[in-house]
S.K.: 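Here it is, the structure in full.
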Amino acid sequence: DGMAYNKMNVLHLNPSNDQAFAMELNSYPGLVKHSAYPPFQNHSLSITDLKDLIDYGRNRGIRVYPELDTPGHMRAICDYFDDEETGENYKKLCMRCPGNSWDKDQLDRFNGWGPFNPSQESNYDILTNMFRELRQIFQDEYVHVGGDEVPNGCYFDNPDNYVPREEFLSWAEENDLKTKLQVQKWHLNRVYKIAEDFGFKSLVWNDGEGYKVGMDQLFRSFEPTSSSSVEKNLTNLSILVDETSSGNMDETTPGRPLEVTKKLTLSDTQNTKPILQVWEPWGSDITNEWQPIMQQATKDGYPVILSSSWYLDLISYPAGGKKMDWTRFYQTDPRNFNGTDQQKDLVLGGEGAWWTEYIDSSGILSRSFPRLSAIAERLWSDYEKTKDLEPAYLRINKLRCLMIKRGIPAEPGSVPSSCDCEFDVGYKKPWEFKEDLPSSAVSSIRFWNSSGLVGNTVNFVMKFFRKN
């Protein structure tokens with residue numbers, strides 16, 4: 001509902017990560033029990049939950065698509081399949097390796113696992129089963145395939161022999177692969193094809209396609225994915241969502257009158273480029289440092305969305321009453337890079353991203369709004385006409401008060417900031433409950449993909465597939 005109030009039209013749901021896998025799959029029913037945070041019932045989404053969420057969003061003009069991140073960020077999955085007692089007792093799905101120096105601090109449960117092992121062909125049968133089930137659950141035509149932060153020292157320089165070194169090197173030589181990044185790209189090409197076979201088009205993080213920002217310049221790890229031309233079907237229009245339809249958001253059958261935007265239509269050929277999601281560099285003070293990636297990726301013909309500047313979990317304390325961090329979000333223009341008009345037409349929108357290590361259902365709404373409101377207004381508005389912050393304060397605070405009245409605990413947008421009513425937290429004294437609270441009452445309160453999915457993400461995408 002908060003998304004709908006702010007004209008945000010896509011929910012990017014990521015239940016898979018190193019720290020936990022938090023989505024039920026019929027094909028591997030033990031996965032969520034083993035890999036979600038315990039107790040798994042309170043920290044995961046059942047298939048019924050997911051379908052309810054998708055329908056709830058559809059009736060509000062909001063698409064929902066999943067992320068299944070590979071070849072990195074798979075440690076929770078790796079551990080389940082290897083486990084002899086509670087898992088599948090299936091070996092060598094992933095590499096074992098030391099990984100990056102910082103991994104242990106984040107991965108006490110599943111530390112030691114590395115990325116997906118592409119040298120064992122049967123491993124792709126497992127991924128195929130997962131994508132098949134994602135297709136059965138999610139109706140959107142897009143899936144995010146991850147591709148980011150593949151740990152170092154796990155393929156060619158791996159000291160661990162869980163996947164025999166000679167076995168891996170022989171496979172790599174057969175496929176003319178000599179670096180980690182080449183292995184990563186080989187794998188992603190396989191995943192793009194699996195996703196396509198189930199009717200998905202792919203999104204991928206920028207480093208998955210080799211776009212990184214170095215100290216002084218952008219470098220390319222490998223040649224970009226080949227592509228046929230991107231069709232220029234980017235015209236804005238209002239459409240009506242068919243309430244009875246479970247399909248995508250381009251339905252034109254009369255139904256609930258919600259304004260959404262027509263999707264970018266890409267060629268249906270196998271070689272269509274994935275949408276590149278630019279997340280690097282990231283930080284609480286990032287505003288324009290992503291420009292080299294946007295410039296080069298669009299020059300290479302990739303459709304892009306930006307999230308680098310809009311990480312909601314990176315909270316900065318305001319310097320003065322009118323320096324809330326949403327003002328930095330508001331002043332970020334994803335089309336502000338050196339490029340042609342054709343390149344800038346490939347900027348599809350942006351995403352406000354939550355990484356939920358340090359947030360749960362007790363605080364995610366108040367930390368989301370009105371910070372997301374600023375991102376939404378930026379993406380739906382002409383930058384030159386709305387770059388002045390003074391009138392933006394008035395709009396943000398007015399919208400914040402409206403959300404308070406509608407039951408969304410939006411935090412103040414500036415100092416001073418007050419509404420004509422306070423948010424009712426709905427607190428009940430212990431003796432006012434009709435039934436006794438269970439011992440796990442606190443963890444039993446669940447918010448969609450937030451509290452239980454520690455280490456996982458709930459991301460809000462605005463203006464996805466809309467031309468300025």
Side-chain angles (χ1 to χ4, degrees), residues 1-13 45 49-50 52-64 238-241 243 249 255-261 310 312-313 315 322 324-327 329-330 349-354 356 359-381 386 389 391-428 432 445-451 457-464 466:
D1 291 329
M3 291 179 66
Y5 299 153
N6 287 271
K7 292 185 66 177
M8 296 171 357
N9 55 6
V10 184
L11 177 64
H12 167 192
L13 197 65
L45 295 173
D49 290 335
L50 289 166
D52 287 347
L53 177 62
I54 292 166
D55 283 344
Y56 197 87
R58 180 179 58 81
N59 287 328
R60 286 152 181 80
I62 298 169
R63 297 165 39 219
V64 181
S238 299
I239 64 174
L240 299 180
V241 181
E243 290 186 271
M249 298 307 297
R256 184 180 295 273
L258 296 175
E259 182 178 344
V260 294
T261 57
W310 295 322
L312 298 167
D313 51 305
I315 298 169
K322 288 192 174 182
M324 313 290 275
D325 57 5
W326 70 260
T327 62
F329 299 163
Y330 193 81
E351 177 176 289
W354 262 116
T356 57
I359 198 76
D360 62 14
S361 58
S362 64
I364 194 169
L365 287 177
S366 61
R367 295 305 294 145
S368 294
F369 301 104
R371 297 163 80 217
L372 276 170
S373 308
I375 300 172
E377 179 164 304
R378 168 52 50 237
L379 289 165
W380 283 107
S381 306
T386 56
L389 280 174
Y393 283 112
L394 299 176
R395 292 192 298 273
I396 291 293
N397 282 324
K398 182 177 180 179
L399 179 58
R400 181 246 173 175
C401 292
L402 178 61
M403 286 191 284
I404 290 287
K405 291 181 178 179
R406 292 180 175 180
I408 305 295
E411 68 183 12
S414 64
V415 178
S417 175
S418 64
C419 301
D420 58 5
C421 66
E422 289 288 336
F423 177 75
D424 182 3
V425 297
Y427 176 76
K428 290 184 179 181
E432 293 177 338
I445 302 170
R446 182 171 59 196
F447 178 80
W448 293 114
N449 200 30
S450 61
S451 64
T457 62
V458 52
N459 298 325
F460 308 92
V461 187
M462 283 71 67
K463 229 185 67 170
F464 194 143
R466 178 182 185 271

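This structure is a prediction, so every number in the text was calculated from the model and none was measured.
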S.K.: If you take all heavy atoms of Met324 and Ser414, which pair is closest and at what distance?
M.R.: CG-CA, 4.0 Å

S.K.: Verify whether the ring centers belonging to Phe369 and Trp326 lie closer than 6.0 Å.
M.R.: no

S.K.: Can you give me the closest heavy-atom contact between Gly413 and Ile396, atom names plus distance?
M.R.: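 Minimum heavy-atom contact is CA-CG2, 4.5 Å.
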
S.K.: Considering non-hydrogen atoms only, spot the tightest contact between Gly352 and Leu372 and give its length.
M.R.: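 Between these two residues, the closest heavy atoms are CA-CD2, 4.0 Å.
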
S.K.: Return yes if some donor-acceptor pair links the side-chain N/O of Trp354 with the main-chain N/O of Asp313 below 3.5 Å, else return no.
M.R.: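 It does not hold such a pair.
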
S.K.: Assess whether salt bridge (Lys or Arg N to Asp or Glu O under 4.0 Å) is satisfied between Lys405 and Asp420, documenting all intermediate values.
M.R.: CA-CA 9 Å; Lys405 291 181 178 179; Asp420 58 5; 3.2 Å; yes

S.K.: Indicate yes or no for a side-chain donor-acceptor contact from Arg378 to the backbone of Tyr330 under 3.5 Å, with no hydrogens or angles considered.
M.R.: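 Confirmed, Arg378 side chain pairs with Tyr330 backbone.
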
S.K.: Using 0.5 Å steps for rounding, measure from the CD1 atom of Ile359 to the OG1 atom of Thr356.
M.R.: 9.0 Å

S.K.: Kindly compute the distance separating CG (Leu53) from CG (Asp55), expressed to the nearest 0.5 Å.
M.R.: 9.0 Å

S.K.: Kindly compute the distance separating CG (Asp49) from CD1 (Ile54), expressed to the nearest 0.5 Å.
M.R.: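 Asp49 CG to Ile54 CD1: 11.0 Å, rounded to 0.5 Å.
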
S.K.: For the residue pair Ile404 and Cys419, what are the closest heavy atoms and their distance?
M.R.: CG1-SG, 4.4 Å

S.K.: For the backbone of Glu411 and the side chain of Arg400, can you confirm whether one donor and one acceptor N or O come within less than 3.5 Å of each other?
M.R.: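 Side chain of Arg400 to backbone of Glu411, a donor-acceptor pair under 3.5 Å: yes, one is there.
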
S.K.: Kindly say whether Ser362 contributes a backbone atom to a donor-acceptor pair with the side chain of Asp360 at under 3.5 angstrom?
M.R.: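 Between the backbone of Ser362 and the side chain of Asp360 there is a qualifying donor-acceptor contact (under 3.5 Å).
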
S.K.: For the atom pair CG (Asn6) and OG (Ser373), what is the distance rounded to the nearest 0.5 Å?
M.R.: 3.5 Å

S.K.: Is the Cys421 SG less than 2.5 Å from the Cys401 SG?
M.R.: no

S.K.: Would you give the length of the straight line joining atom CG of Leu399 to atom CG of Leu394, rounded to the nearest 0.5 angstrom?
M.R.: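 Spacing of CG (Leu399) from CG (Leu394) equals 12.5 Å.
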
S.K.: If you define the side chain from C-beta out and look only at heavy atoms, does anything of Asp1 sit under 4.5 Å from Arg406?
M.R.: no

S.K.: Measure from the side-chain N and O atoms of Arg371 to the backbone N and O of Leu312, and report whether any donor-acceptor pair falls under 3.5 Å.
M.R.: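 Yes, because the side chain of Arg371 sits within donor-acceptor range (under 3.5 Å) of the backbone of Leu312.
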
S.K.: For a 4.5 angstrom cut-off between non-hydrogen side-chain atoms, does Glu351 reach Trp310?
M.R.: no

S.K.: If we only count heavy atoms from C-beta on, is the Leu45 to Leu13 side-chain gap below 4.5 Å?
M.R.: yes

S.K.: Would you give the length of the straight line joining atom CE of Met403 to atom OG of Ser366, rounded to the nearest 0.5 angstrom?
M.R.: 11.5 Å

S.K.: Do Val10 and Met3 have side chains that approach each other closer than 4.5 Å (heavy atoms only, starting at C-beta)?
M.R.: no

S.K.: Which atoms form the tightest heavy-atom contact between Pro412 and Pro370, and what is the distance?
M.R.: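 Distance-wise, the nearest heavy atoms are O-CD, 4.5 Å.
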
S.K.: Evaluate the side-chain proximity of Ile408 to Leu402: yes if any heavy-atom separation is below 4.5 Å, no if none is.
M.R.: no

